[in-house]
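Being a predicted model, the structure only gives us computed values, none of them experimental. Note on naming: letters A, B, ... go to the chains in the order of the sequence lines (proteins, then strands), and numbering restarts at 1 for each one.
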Amino acid sequence: QKEVEQNSGPLSVPEGAIASLNCTYSDRGSQSFFWYRQYSGKSPELIMFIYSNGDKEDGRFTAQLNKASQYVSLLIRDSQPSDSATYLCAVGGGGADGLTFGKGTHLIIQP
Amino acid sequence: NAGVTQTPKFQVLKTGQSMTLQCAQDMNHNSMYWYRQDPGMGLRLIYYSASEGTTDKGEVPNGYNVSRLNKREFSLRLESAAPSQTSVYFCASGWDRRPTDTQYFGPGTRLTVL
């Protein structure tokens, strides 16, 4: 069974610093990797997706993928208090339908 | 565009009661999904529909049934609710079943079974 692992946190980061969120996955056949942000009581909101090894940047967010190590990360530069949320890593492909989600990392940006 | 909508937002049931959770999307997506989210368990796939007229089981289908009424609507039915089904239910949609497909989520239904 496909597994996606994340440190549950909380991860506390000072405002303006870089927040680094990590995720590992078990299925080597996985093909797509997504980061969702979820505020308390709200639904997951897509931040970024990445399919190829390397880095992908979108504004303050950078997703990094290393398929050999089965590792995906999300960097948030210039962290803001509004970035405080739970970040969900999700993996697609590898023979399973739908997405397999990690349990999420709770990020707290301290003003 | 409303995106993905879900009704109701909140529901309290007694054990053994039945109910249907409704989901609709206006993005002309082919695939639709039902997930449940429990504390400490993350999001888990209940059922999905790759296209109109087809449905398939996900990771945790027991106790649920689904209907893909048309391209826009995908409902989830609890025939005899149990306390273990207390959860937040999210509907999602995407263009297709390809692994690279992005899924977009509705606002969720918070269900409590007493």
### Task
Check each atom of A/Glu45 against the heavy atoms of chain B and say whether the ones under 4.5 Å are side chain, backbone, both or neither.
neither
### Query
Taking C-beta and beyond as the side chain, do A/Phe101 and B/Gln37 meet within less than 4.5 Å on heavy atoms?
no
If we ignore hydrogens and angles and just use 3.5 Å, is the side chain of [X] paired with the main-chain N or O of [Y] as donor and acceptor?
X	Y	value
A/Ser43	B/Gly106	yes
B/Arg44	A/Thr100	no
B/Tyr35	A/Leu99	yes

### Task
Measure the spacing between CZ of B/Phe90 and CD of A/Gln38 and express it to the nearest 0.5 Å.
5.0 Å
Tell me whether [X] shares a hydrophobic cluster with [Y], the cluster being built from Ile, Leu, Val, Met, Phe, Trp, Tyr side chains joined at under 4.5 Å.
X	Y	answer
A/Leu74	A/Ile50	yes
B/Leu111	B/Leu76	yes
A/Ile108	A/Tyr36	no
A/Phe49	A/Leu88	yes

#### Entry: More than 12 heavy atoms of other groups within 6.0 Å of B/Tyr104 OH
no
